[in-house]
Amino acid sequence: MSPLHLCLLLSTVLFCIGLAAVLVRTSAILVLLGVELMLNAANLNFIAFWRYGPGGDDTGVIFVLFSIAVAAAEAAVGLALVIALHRHRRTIALKAANQLRG
Amino acid sequence: MNELPLLSLLVALPWFGALLLWLWPKAPVRGLAFIFCASTLVLGVIAAAGFDPTRTGYQWTERHAWIPSLRIDYHLGLDGMSLLLVLLTGVVSPVALATVLRRLESPRLAALLFLLLQGAALGVFVALDFFPWFICWEFSLVPAFFLIKGWGGAGAGRAAYTFVVTTLAGSAGLLLAFAALYAATGTMNFVDLAQLQAEGRLPGLLTAVGAGVPTLAFVGALVGLAVKAPLFPLHTWMPATYAEAPPGVALFLTAVMSKMGVYGFFRILWVLFPADLRVHADLLLLLALGGAVLGAMAALRQTDVRRMLAYSSLNHVSYCLVALFAAAAGVKGHEVAVEAALSGALVQAFNHGLSASALFVCAAALESRAGGSREFARFGGVRAVAPVLAGMSGVALFSSLGLPGLNGFVGEFLIFRGVFGLAPWAAVVGTVGLLATALFLLTFWQRVFHGPPAGAAAGPFPDLDRGEIAVLLPLCVLMIVLGVAPGLITPWINPLVTGWAATLPMP
Amino acid sequence: MTLSASLLWLIPATPLAASVFGLFAPRTARTLPIAGALLGLVAALGLSVAALAGALVDPAVRATSDFAWFTFGAQTLRLGWLLDPLAGFMCVLVTLIGLLVALFSTAYLRHDPRIGRFFGFLSLFVAAMLGLLVTNSLLLLFICWELVGLASYLLIGFWYERPAAAAAAKKAFITTRIGDLGFLIGLVWLHQATGSALFHDGGAGALDAPTLARLSSTLLPGGWAVSTAIGLLLFVGAAGKSGQFPLHVWLPDAMEGPTPVSALIHAATMVAAGVFLMARVFPLMAADQGLATVPFHALTGVAVIGAVTALLGAVLAVAQNDIKRVLAYSTVSQLGYMMLAIGVGSWVAAVFHLITHAFFKALLFLGAGSVIDATHHEQDLRRLGGLAGRMRVTFATFALGTGALMGLPFVFSGFWSKEAILHAAEGWTVSHLPFAAGLVGVVLTAFYMTRLVLEVFFGKARGEGAAHAEESPGLMRGPLVVLAVAAVGLGWLGLPNWPWLQTRLQGGDWPVHGLGEGFGLMVVSTALVLLGIGAGWWWYGRVKRTDARALDPLARSWPAVHAALAGRLWLDELYAATVGRAFAMLARVAAFFDRWVWGGAVEAAGRTAETVGQVNRAVDEDGLNAGFDNTSEHLRGSGRRYAKAQTGDAQSYLRVVAIGLAVVGVLLLWGGVR
């Protein structure tokens with residue numbers, strides 16, 4: 001099994017854990033964590049293909065840098081939303097956030 | 001060929017009327033609906049006036065590429081058979097609409113749905129590409145479903161489901177058939193496919209797709225059309241639907257929509273699958289005869305006016321199919337018989353539309369005067385209290401049982417003339433159906449119209465009012481005129497029929 | 001003045017116009033429809049006389065005038081009109097009797113509020129009947145044939161409030177339609193075999209010699225000639241219309257119609273249409289005569305059925321108690337004689353008898369109508385009696401008609417026409433049984449007519465109606481007198497030694513022989529008539545009936561025989577138990593199969609489809625049609641259900657997305673997309 005395969009396997013496992021978290025956890029923070037895990041699984045794929053792939057340019061790395069930046073911004077917004085939710089409803093369970101209107 | 005897109009207008013105007021009814025809540029519903037409903041008759045007459053009966057092939061054609069990547073065209077055209085059925089739709093639709101809207105508190109939605117239905121039926125008669133054809137074929141079910149369910153009798157919900165589900169099941173077969181044809185030829189255009197068949201290449205192309213494909217395509221198309229027509233024993237959706245649907249819709253179903261099935265038999269099966277039709281002609285002939293004879297027999301046992309009329313329709317439409325299947329087995333040397341049978345089938349389709357509509361209008365008149373009851377036992381002696389109703393339904397009834405001098409006879413004579421030349425046994429068996437038809441219609445007449453006034457007729461039982469007379473009178477006049485001068489409609493179909501007979505194989 | 005063939009259509013057209021006028025006149029109108037009908041009949045009579053005069057100029061010439069009806073495929077269906085002496089005589093007969101009956105009806109139906117309609121229907125009948133007579137096409141003949149059936153249906157059921165009349169009308173239509181289906185098959189077969197719907201068409205018509213030669217030389221499996229089969233099929237139609245055994249059962253029931261209708265349609269004209277048809281297509285019927293090889297000749301069948309009917313009708317007439325039913329069975333019997341004449345090859349004798357019979361039977365029926373009218377609708381001869389003194393004109397004319405029907409020698413028309421038939425039957429080489437049946441029929445005819453006259457006109461009045469009867473008005477007596485003159489005198493047109501009528505009908509030479517040749521037969525049949533009268537006197541004349549409830553003398557002598565005859569040999573019951581029951585059974589089976597077997601199979605398939613349909617419905621109604629929410633209560637419900645799916649829970653949406661993705665992934669993998 002080549003290193004590329006190992007990397008892809010790892011990223012798949014990461015992605016599935018993240019997905020499971022998103023789908024089943026009730027806490028909004030843990031869901032956000034799941035999303036981060038899935039993003040990182042994708043980042044790992046980019047790096048792995050950059051490292052072991054046939055290419056010669058640095059597209060993969062640049063993508064990952066962008067991705068991390070976007071993820072950081074997204075986490076900030078997400079956490080802000082969670083805090084807003086907590087203020088409003090006194091809970092961070094996602095089920096409570098089923099109305100568009102306040 | 002023509003500047004005016006007549007056929008597009010023909011199909012679109014009822015739909016446009018429906019749109020207008022939808023968007024314009026304060027519209028004068030009845031007037032608007034009738035104008036758009038009657039547009040079919042006007043345009044049909046214009047088409048007939050510009051129709052050259054000596055030419056074969058399609059006239060008033062319109063062809064534009066629609067989905068070029070799939071080679072689907074927007075292709076409309078009119079031949080004699082289409083013209084006949086368009087005119088039938090034109091005559092019957094106002095009658096049906098009037099019957100549907102009669103005494104309706106809020107007619108808007110019903111009128112809207114009916115116009116949708118009418119446009120879809122017209123689309124089926126003029127579309128020459130399977131894609132638009134099938135869209136109309138299927139789309140017609142939607143307004144029909146809602147009309148039956150919304151305005152029908154007590155069991156209408158179930159009847160509507162049975163009707164739609166059974167027809168959809170048949171349509172699946174049609175779709176399958178055309179998927180196979182498309183896979184084999186890359187086109188779904190009726191004209192192109194007919195050309196391929198005429199050149200003898202179609203069966204080969206189909207076989208090239210797969211060994212069972214030709215049979216699959218034939219059976220699929222057969223089932224789809226047989227449900228609609230209906231061909232015995234796929235008619236079982238019919239009695240309940242005709243009985244439970246509002247009378248105007250039942251009228252449209254039997255007068256026009258059953259003709260969609262007959263039309264399909266000619267347009268698709270007769271033209272594209274002549275060899276398969278020939279191979280299975282005996283079996284199919286037997287089924288059609290079953291419909292003609294057993295349908296009439298079953299009608300004898302009915303005590304519900306509309307169930308009886310439903311079986312009567314099965315009986316009459318079956319005669320069309322008897323003629324078609326008998327002709328399908330014809331070989332060279334029997335051209336005259338084949339021409340008679342095919343002309344008879346088409347003439348019968350038209351005439352049955354007229355007489356069945358009139359009978360359903362009369363049934364509606366009876367029902368509305370008996371508080372919605374349709375049982376024979378609720379009536380008696382109607383002729384004494386409502387002579388105009390009796391007279392007009394008498395004309396329709398005798399037309400339906402094939403009395404010479406009225407239109408029904410012409411089709412029956414031609415069918416028997418043709419079928420006797422091709423399959424004498426079938427003609428002899430078929431006469432039993434004629435006898436049973438006379439028996440059940442006269443029994444109905446005797447129980448409901450004769451004798452001392454009884455049941456509903458014993459109470460206040462008004463005769464036909466002006467509206468009903470205005471609906472029935474044109475039908476009765478047409479029945480008499482076409483009975484005396486069938487030459488008014490036969491020239492349109494003659495070249496078509498002669499052409500079909502000319503392609504018979506050698507014995 | 002003569003009428004050319006191209007104007008023949010005017011003959012049926014005039015009564016047709018009158019009927020349209022009568023049927024669309026206001027319901028309460030009386031004078032106008034009656035005047036219209038009488039005018040139409042007079043015009044038709046004038047035209048018919050002109051046509052006959054034209055036809056008699058040269059009886060051998062058949063004038064035809066054809067026209068195209070319509071074209072199917074490449075075939076043009078041609079119909080046409082034909083004038084020959086046969087058509088000419090028949091037209092005059094129909095219009096003349098029609099006119100007399102119409103005059104009679106104006107008085108007979110004077111109290112009926114629907115008299116206008118009656119005359120409309122009557123004109124329709126006359127128009128159809130005339131069309132039937134002057135046509136040159138079997139198809140057009142069939143069309144008119146069915147139309148006279150329609151008129152007959154309408155007129156039998158004229159008093160449709162009476163259930164018996166409504167039932168009789170239906171029975172008549174259905175029974176004759178059974179025959180008509182045979183006719184229809186024969187018609188299409190003839191058209192197929194000859195390619196022509198015309199009788200005479202310069203050698204190409206169905207009755208022209210070359211065509212007939214072809215028809216009789218074409219053999220079916222079993223050695224039958226095509227012409228035999230077609231001829232027999234046409235005879236089935238004729239048997240239905242002319243009340244031949246076994247399709248005779250409708251005719252007695254048809255007496256539920258007004259009596260003038262019985263006189264015109266069910267005695268004089270329409271029921272004779274079958275005989276006319278056989279006379280018209282006689283060349284076809286006889287085409288197989290020269291062939292020794294065919295196993296069966298069409299005419300043999302006609303003769304056998306005719307003989308059976310002649311005998312059966314006479315037997316059944318013996319024990320009827322309704323004055324009109326006696327006459328109805330008598331008509332059946334006489335029509336049997338005519339068919340017998342056709343069958344033994346003498347269509348001219350048949351038509352001769354048709355003509356004389358039309359007059360004297362119309363006379364008898366109108367006489368019966370006069371009696372019925374005078375006695376306030378008393379038709380039961382047990383409650384009549386003693387009318388000879390009170391209704392002198394009616395009695396005298398009725399007696400003359402009776403003499404003609406019995407065939408009293410030398411004076412009466414019926415004698416000469418009946419002799420012509422018996423003479424032809426005597427010479428038939430195939431069998432002597434029809435001749436014997438004819439002779440027995442003569443005795444029976446004399447017997448039942450003696451009984452009828454004795455019971456109705458002699459003895460003492462046995463009912464209220466008969467006791468206060470008065471002679472009928474002049475409008476009723478007039479037609480009776482005219483008909484009585486014809487019933488006596490017409491026979492002189494066809495004497496054996498001066499066969500004027502026969503020569504004209506035949507359109508050629510007719511063997512003239514002196515009275516001496518058939519003299520032996522005349523003596524025998526006269527003796528038989530006297531025997532019948534004597535027997536009638538023996539049973540009914542010596543001791544006159546005094547009480548309406550008294551047992552019939554014949555029933556006292558032979559109870560079993562009388563019961564059988566009064567029960568019409570239970571033929572109606574037999575049909576009800578066999579044909580009727582078989583039909584009902586078939587109907588029940590068909591309805592049962594329809595509901596449970598085909599219905600069940602489709603139901604089972606439907607259930608399966610319905611499960612699919614429910615899923616389909618969920619998608620269709622909850623998804624696609626949501627926009628129609630406000631249009632239907634039903635859909636509003638589905639809208640609510642749809643709203644329930646819209647939980648707002650982000651995770652459940654995501655779950656759906658994930659499942660969808662997984663499914664798409666699996667499908668892609670399965671489909672081999674890499």
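A, B, ... follow the sequence lines: proteins, then strands. Residue 1 opens every chain.
No part of B:Phe440 comes within reach of chain C, as not one of its non-hydrogen atoms sits under 4.5 angstrom from that chain. Proximity to chain B involves both the backbone and the side chain of C:Ala167, based on heavy atoms less than 4.5 angstrom apart. For chain C, no part of B:Arg108 is nearby; none of its heavy atoms comes within less than 4.5 Å. Contacts of B:Ala436 with chain C are made by both backbone and side-chain atoms, with heavy-atom separations under 4.5 Å. For B:Leu401, the parts lying under 4.5 angstrom from a heavy atom of chain C are both the backbone and the side chain. Heavy atoms closer than 4.5 Å to chain B are found in the side chain of C:Leu77, but not in its backbone. Contact of B:Ala384 with chain C is made through backbone and side chain together, with heavy-atom distances under 4.5 Å. In this structure, no portion of B:Val419 lies under 4.5 Å from any heavy atom of chain C. Heavy atoms of B:Trp500 lying under 4.5 Å from chain C are absent altogether. Interface remark: B:Ala501 contributes no atoms to any contact with chain C (heavy atom separation under 4.5 Å). For B:Leu442, the parts lying under 4.5 angstrom from a heavy atom of chain C are both the backbone and the side chain.
In terms of heavy-atom pairs under 4.5 angstrom with chain C, the leader among B:Pro387, B:Ala299, B:Gly344, B:Gly381 is B:Pro387. For chain C, the option among B:Val428, B:Thr443, B:Val338, B:Val432 with the highest count of heavy-atom pairs below 4.5 Å is B:Thr443. In terms of heavy-atom pairs under 4.5 Å with chain B, the best-connected choice from C:Asp180, C:Leu184, C:Leu139, C:Leu187 is C:Leu139. Highest contact tally toward chain C, considering only B:Val497, B:Leu488, B:Leu439, B:Val410, is held by B:Leu439 [criterion: heavy-atom pairs under 4.5 Å]. Heavy-atom pairs under 4.5 Å with chain C peak, among B:His450, B:Arg301, B:Gln302, B:Glu335, at B:Arg301. Looking only at heavy-atom pairs under 4.5 Å with chain C, the residue among B:Val336, B:Val347, B:Ile493 that has the most is B:Val336. Contact count against chain C (heavy-atom pairs under 4.5 Å) is highest for B:Arg417 among B:Glu412, B:Arg417, B:Gln446.
No donor-acceptor pair closer than 3.5 Å links the side chain of C:Trp250 to the backbone N or O of C:Lys170. For B:Thr166 (side chain) and B:Thr162 (main-chain N/O), a donor-acceptor pair under 3.5 Å exists by modelled atom type.
The line from CZ of C:Phe72 to CG of B:Asn494 is 9.0 Å long, rounded to the nearest 0.5 Å.
Geometric assessment of C:Arg114 against the ring of C:Phe158 yields a positive cation-pi assignment under the 6.0 Å and 45° thresholds.
With 3.5 Å as the limit, one finds no donor-acceptor pair spanning the side chains of C:Thr71 and B:Thr490.
Taking a cutoff of 4.0 Å between a charged side-chain nitrogen and a carboxylate oxygen, C:Glu146 and C:Arg177 qualify as a salt bridge.
The aromatic rings of C:Phe142 and C:Phe183 sit perpendicular, their planes meeting at an angle over 60°, well past the 30° parallel limit. Ring geometry for C:Tyr153 against B:Phe398 counts as perpendicular: the plane angle is over 60°, on a 0 to 90° scale with 30° as the lower cut.
Residues C:Arg78 and C:Trp69 are not in side-chain contact: their nearest non-hydrogen atoms beyond the backbone lie 4.5 Å or more apart. Residues C:Pro15 and C:Leu130 meet the side-chain proximity criterion, which asks for heavy atoms closer than 4.5 Å.
When C:Leu277, C:Ile230, C:Ile143 are each tested for a side chain to side chain contact (heavy atoms under 4.5 Å, CB included) with C:Leu138, only one passes: C:Leu277.
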